[in-house]
Amino acid sequence: MPVQKVNDSSDLDAKVPSHLQRTSITSLTITSEPSHRCVKAKVVHKGPVISCAQKDGVEMLRAEIREEDPLQRAAEHTSINVIFFGTLAKDFSQSARQGDVVLLADFAIKKSPSFLRDKLHPCQLEMDGDNACVYVWPSVAPSYGPSTSEAKYTYVPLNMLKPKTVVNVYGVVTFFKQPFPSKGSDYCSTLKITDQSDVKVGCNIFSKKLEDHPVIIRVGDIIRLHRFKTDVFRDSMSLLNTYGWSTVSFDGTVDSPVVPRTSSKSFHFEESDKRIVQELRQWAANQSWISNELTVSLSSVQPGMYFDLTCQLLAKAVMDSRCILLKVWDGTKCQHPLLNVAVASDALEGESTVPKDRMNLTANILVYDNHLEVARDLKPGTFLRFYNLHSLLQRAPDQLPDQPNHLSFHLHGGTSYGRGLRSLPAESPDLQSLKSALEKHVDLDEYDEVNDGTLLEIWYTPPEAVVLPNDEETDAGDTGPSYTVRTCEHNSQRLTLAQVKRSTPPLSCHIRAHVKKYKPQQLYQCLKLFCSNCKTLTDVPDDSAVAKVFRESAKDNQPCDEQWAATSSASSREPGRTISMHISRDMVGESTHMQLIFVEGTTLDEICVLSRDYKNLVPVRSVNGRMTLMDLTAPFLFSGDKRYYGCKRCSLNTFQSPVFTGVETWDEQAIAEALGVQLMQYRLLIQFELEDQTDTLEALLWENAEKFFHVSAVDASGSQDLQDKIQTIMDTIQPPDSSLEERPWLDLCLSVYAVKDNDRNQVCYQIDNTEIKEE
DNA sequence: GCTTAGGATTTG
C-alpha cells in the first residue's frame with residue numbers, strides 16, 4: 001500500500017520509519033544520497049495522470065510540493081517537482097489533493113529537466129517501484145466523490161490568454177470540423193470558440209484516437225479545454241492540446257440539462273462547471289451568430305443549398321472506391337421530388353426504402369472521398385448529422401424532358417466549411433424531435449416492404465426469367481380468404497403483429513391474423529353485465545345464485561300491503577308461502593295496467609313460468625310489510641325471455657314511493673327509472689390471442705363485439721339460438737383442436753391504446769370496425 | 001516533450 005492517509009501532522013511524523021532521516025527540500029542536490037531520507041511538504045500543484053508514450057504507456061503524474069517551514073521562508077528552492085509512476089501515480093491522484101501535506105520516502109533524486117523553465121528546483125523527485133511510499137495528511141476533512149477530491153481548475157477568459165502558456169478555458173463553439181485525418185499521424189479537430197469577451201480563438205486538437213476528440217454537434221455547443229497551450233498565429237491567439245489535455249463538451253441549449261459529453265471515464269466536474277456552462281449558454285443565446293442558425297429539414301430544403309441535416313440512416317451501398325450512397329430520412333416530406341439512386345438489392349445494406357421512396361421521404365446522399373471512412377462504419381438505423389451537405393437538382397435517368405428535376409444530395413470531399421458527418425449520441429437533444437417525426441410513419445410497414453422487396457427482385461430479374469407468381473409459388477404466408485371484413489373508412493396501412501407491438505399508442509391500424517386461442521372457452525361467459533354509469537363489468541349471475549335469492553326472499557313471507565298497489569294473493573304448494581301479485585293503482589284503468597306486475601313469494605322457476613304470460617314481472621319481497629326490491633344479485637325484471645339486472649353500486653333506493661304515471665310503454669329502461677334502478681347493459685367480451693408470422697398479441701373484442709357477430713348481446717342473453725350462433729362463428733374462426741394452417745385468416749381493424757393501470761401505462765389492443773362475413 | 005492545421009464550398 002504505497003499511499004497511506006493519516007489523520008494529523010503528528011501522525012505523519014510518527015509514521016516516519018526510524019531509519020529515515022527528514023531532509024529539507026532546499027538542501028537536496030543531485031549528489032544527495034537519497035536512501036534513508038524523506039521530505040515533508042505541502043502539495044501546491046497536482047497534475048492529471050497521463051500515459052507516457054516514451055515509457056511504453058506507463059502512467060505518470062507530476063506534482064509540485066513546497067516546504068512550509070517558517071524558518072526557511074527566505075530560502076531558495078523550497079518547491080520541487082515530484083513525478084509519480086505507475087500505480088503510485090493513480091493512487092496519489094485519488095488520495096491526495098492540492099493543499100494536503102505529504103511525506104515522501106524512498107524517492108530517487110534526478111536532475112530537473114524543467115529547471116531552466118520553471119526555476120523551481122535543480123532536482124526532481126521520482127517515486128517509483130515498491131519501496132517508495134507516500135503518507136498523506138488531508139488538509140481538511142476528507143470528502144467523497146470525484147468533484148471535490150481534486151484541485152479546482154481555473155479558467156482563463158479568452159481575451160486574457162498570454163502566448164506560450166498552458167491554460168484551461170471554456171468557450172462556445174462558433175465553428176468546427178469533425179475530426180479528419182491530418183497529413184501527420186493523428187486525426188485533427190479544428191474549432192473556433194468564443195466567450196463573453198467576444199474574442200474568437202482558434203483551436204486544434206490532435207489525437208490518434210478518434211474517441212478522444214470532443215463531440216461537437218452544432219455551433220453553439222460549449223466546450224471545456226484542459227491543458228491547452230496558447231500561441232499566436234496570424235496575429236491572434238490559438239490553442240493546441242498539450243500533455244495531459246482533456247476536453248468535455250455540452251449542448252448549448254439554454255435550460256437543457258448540463259450533461260457532459262466525454263469519452264473519459266473519470267473527469268472533474270462540479271457545480272461551478274454547471275454554472276459556467278449555463279452562463280455561456282445564456283450569453284450565446286443573444287448573439288446574432290447563433291440566433292440566426294436555422295434548422296433545415298427535408299421539407300424545407302431548397303435546391304443549391306449547403307446545409308446541416310439531422311436524420312436516420314435507412315440503408316447504404318458502396319458505389320465505388322470514392323463514393324458511398326447513404327439513404328436517409330428525417331420523417332419530413334420533401335417539397336421537390338427526391339432523386340432515387342437505383343442500387344441492386346443485394347448491394348444494399350439495410351431495409352428497403354421503397355415505401356418511403358414512394359412518399360418522397362428518402363434522401364439519397366452521395367458521400368465522397370475523405371468521408372468514406374466514417375460512412376463505411378455506419379449501421380442502418382443510426383442517427384446522423386451531415387454538415388455542409390449540398391443539395392442540387394439532377395435529372396433522373398428515366399425522366400421525361402418536361403418533368404421536374406430531382407433533388408440529390410452530395411457530401412463532397414474535403415472539410416471546408418466543416419463538411420463532414422457524424423453519428424449522434426443517444427442523449428443528443430435533436431434526437432427527440434427527429435424520433436417523434438419518424439414515429440408519425442410507423443404505418444409504413446414491413447408488410448409493404450416484403451411485397452416491395454419481391455417487386456424489387458423481379459425488377460432486377462431479366463425479363464425472360466420473370467415468373468408471375470401463382471398460388472403455389474406465393475409464400476407470403478398470409479394469403480387466402482378472410483372470414484372477416486373491415487368496415488372502417490380510414491385507410492391505415494397493414495401492420496404485422498410485431499410492428500403493432502412496437503408502435504406507440506394511440507393508433508388505429510389494420511392487421512391480418514389467425515385466432516390462436518380465445519377466452520372465455522365457455523362461451524356463455526362472454527356475456528357480461530356492464531354499468532354505463534360506474535363502468536362495472538360483472539358476469540351474469542348463474543341460476544343457482546339467483547334461485548337462492550328467491551328462496552331467501554320467499555321465506556316466511558307475509559304479503560306486503562302498499563297503498564299504491566292492488567294485490568291478489570294465492571297459497572303456494574309449500575306451507576307458509578304465499579304468492580302475491582301487485583299492480584299499481586295508478587295504472588288501473590289505463591291500457592298499460594297489465595304491463596307491469598310485481599310478484600312476491602315465488603321461486604325462480606315459478607316466476608319463469610309466469611313470465612310466459614305476463615310482459616314485465618318485477619320480483620319483490622316484504623320487509624316489515626313494505627314492498628322492497630330483491631337483492632340485486634337477482635334480476636329486478638323478468639321480461640319475456642330476458643332478465644334485467646340493476647347495478648348494485650349505482651341503483652337508488654326510491655322504491656318506497658314509485659311513480660307509475662305518464663308512461664305509455666313500459667320497457668326495461670322506463671321500469672328501471674320508475675324503480676330507481678340503474679339498468680345494467682348486456683355486453684359481449686372475448687379476448688383473442690391473435691397470431692401472424694411475426695408475433696402473437698392479445699386483443700379484446702368488446703365495443704365492436706355485437707357488430708362483429710351480428711348478434712345483440714341482450715338478445716343473446718335470452719336466446720339459445722343466438723348463443724349457438726356465436727359458438728358456430730368461433731368454431732369457424734378457431735376450429736377446436738385445429739392446427740395453424742387450418743385456422744382462417746381474419747382481416748381486422750385494430751385500435752392500440754394506453755390504459756393507466758396502477759399508475760403504469762399499459763398498452764391494450766381492441767378489435768374495431770370488423771364484422772364476420774356471413775354467407 | 002511539439003509534425004499534423006491554422007475554416008473559407010465539388011465540380012462526382
Side-chain angles (χ1 to χ4, degrees), chain A residues 47-48 50-55 57-58 60-62 81 83 110-118 124 161 163-166 173-194 200-210 212-213 216 219 227-245 289 303-308 317-326 339 341 364-372 375 386-395 397 408-421:
Chain A
I50 62 163
S51 176
C52 179
Q54 276 76 34
K55 295 199 172 197
V58 71
M60 296 169 58
L61 181 150
R62 183 183 73 88
N81 280 316
I83 316 295
K110 295 282 171 69
K111 188 166 177 280
S112 168
S114 59
F115 179 51
L116 284 177
R117 195 171 65 240
D118 61 28
Q124 69 179 24
L161 296 175
K164 310 263 186 199
T165 51
V166 175
V173 176
T174 65
F175 171 80
F176 64 100
K177 286 182 179 185
Q178 294 302 337
F180 57 95
S182 72
K183 290 198 180 90
S185 56
D186 298 344
Y187 286 99
C188 175
S189 288
T190 293
L191 354 157
K192 190 153 276 180
I193 60 173
T194 186
K200 289 194 173 63
V201 174
C203 174
N204 287 304
I205 299 164
F206 291 99
S207 175
K208 275 186 203 19
K209 292 187 199 158
L210 264 180
D212 288 345
H213 283 258
I216 309 291
V219 164
R227 294 192 63 77
F228 273 61
K229 204 172 83 176
T230 58
D231 212 341
V232 178
F233 180 76
R234 288 188 188 157
D235 298 331
S236 50
M237 206 58 79
S238 70
L239 292 160
L240 185 66
N241 58 324
T242 182
Y243 304 96
W245 68 282
W289 50 265
M305 266 184 161
Y306 288 92
F307 68 108
D308 297 348
V318 174
M319 305 300 283
D320 58 53
S321 65
R322 292 184 61 192
C323 181
I324 285 183
L325 169 69
L326 299 181
L339 184 79
V341 179
N364 285 255
I365 300 179
L366 292 164
V367 173
Y368 292 100
D369 301 342
N370 54 311
H371 310 299
L372 256 57
F386 289 86
Y387 302 93
N388 194 235
L389 187 60
H390 190 192
S391 75
L392 58 164
L393 286 178
Q394 230 171 295
R395 185 160 288 277
S408 70
F409 299 92
H410 293 242
L411 190 70
H412 298 299
T415 62
S416 37
Y417 280 89
R419 194 179 305 125
L421 76 163

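Note on naming: letters A, B, ... go to the chains in the order of the sequence lines (proteins, then strands), and numbering restarts at 1 for each one.
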Just the rounded figure in Å: distance from [atom2] of [N] to [atom1] of [X].
X: A:Y387; N: B:dA8; atom1: OH; atom2: C1'; value: 19 Å
X: A:H390; N: B:dT11; atom1: NE2; atom2: P; value: 12 Å
X: A:L392; N: B:dG12; atom1: CG; atom2: P; value: 10 Å
X: A:I193; N: B:dG6; atom1: CD1; atom2: P; value: 16 Å
X: A:L389; N: B:dT10; atom1: CG; atom2: C1'; value: 12 Å
X: A:L191; N: B:dG6; atom1: CG; atom2: P; value: 11 Å
X: A:F180; N: B:dA5; atom1: CZ; atom2: P; value: 6 Å
X: A:W289; N: B:dG7; atom1: CH2; atom2: P; value: 17 Å

From the options [options], select the nucleotide whose nearest atom is closest to the side chain of [X].
X: A:H410; options: B:dG12, B:dA5, B:dT9; answer: B:dG12
X: A:K183; options: B:dT3, B:dT10, B:dA5; answer: B:dA5
X: A:L240; options: B:dA5, B:dG12, B:dA8; answer: B:dA5
X: A:K177; options: B:dT11, B:dT9, B:dG6; answer: B:dG6
X: A:H412; options: B:dT10, B:dG7, B:dG6; answer: B:dT10
X: A:F175; options: B:dG6, B:dG7, B:dT4; answer: B:dG7
X: A:S185; options: B:dT3, B:dA8, B:dG6; answer: B:dT3
X: A:K229; options: B:dC2, B:dA8, B:dG7; answer: B:dC2

Hey, does [X] reach any base, or is it just sugar-phosphate, or nothing, if we go heavy atoms under 4.0 Å?
X: A:C188; value: sugar-phosphate
X: A:D369; value: base
X: A:G202; value: nothing

(request) On the 0 to 90° scale, with breaks at 30° and 60°, tag the A:H412-A:Y368 ring pair as parallel, tilted or perpendicular. (result) parallel
Check this one for me: any side-chain N or O of [X] less than 4.0 Å away from OP1 or OP2 of [N]?
X: A:K192; N: B:dA8; answer: no
X: A:K164; N: B:dC2; answer: no
X: A:R234; N: B:dA5; answer: no

(request) Evaluate ring-ring contact (aromatic ring centres under 6.0 Å, His included) for A:F409 paired with A:F386, printing each intermediate quantity in order. (result) CA-CA 11 Å; A:F409 299 92; A:F386 289 86; 9.0 Å; no
(message) Between A:T194 and A:T174, is there a side-chain donor-acceptor contact under 3.5 Å, judged purely by atom types and distance?
(response) no
(request) Tell me yes or no: between the side chains of A:S238 and A:D231, is some donor less than 3.5 Å from an acceptor? (result) no
(request) Could you point out which residue of A:T190, A:L191, A:L239 forms a side chain to side chain contact (heavy atoms under 4.5 Å, CB included) with A:N204? (result) A:T190
(message) Using the C1' atom as the point on both nucleotides, what is the distance between B:dC2 and B:dG6, in whole Å?
(response) 15 Å
(request) Give a yes/no verdict on a cation-pi contact between A:K177 and A:F175, requiring under 6.0 Å between NZ or CZ and the six-membered ring centre and an angle within 45° of the axis. (result) no
(request) Give a yes or no on whether a donor-acceptor pair under 3.5 Å exists between the nucleobase atoms of B:dG6, that is its base, and the side chain of A:S238. (result) yes
(request) Using the aromatic ring of A:F206 (for Trp, its six-membered ring), decide whether it stacks on the base of B:dT4 within the limits of 5.5 Å and 30°. (result)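 Stack criterion met.
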(message) By a 5.5 angstrom centroid cut-off and a 30 degree plane limit, is there stacking between A:Y368 and B:dT10?
(response)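 Not stacked: fails the 5.5 Å / 30° test.
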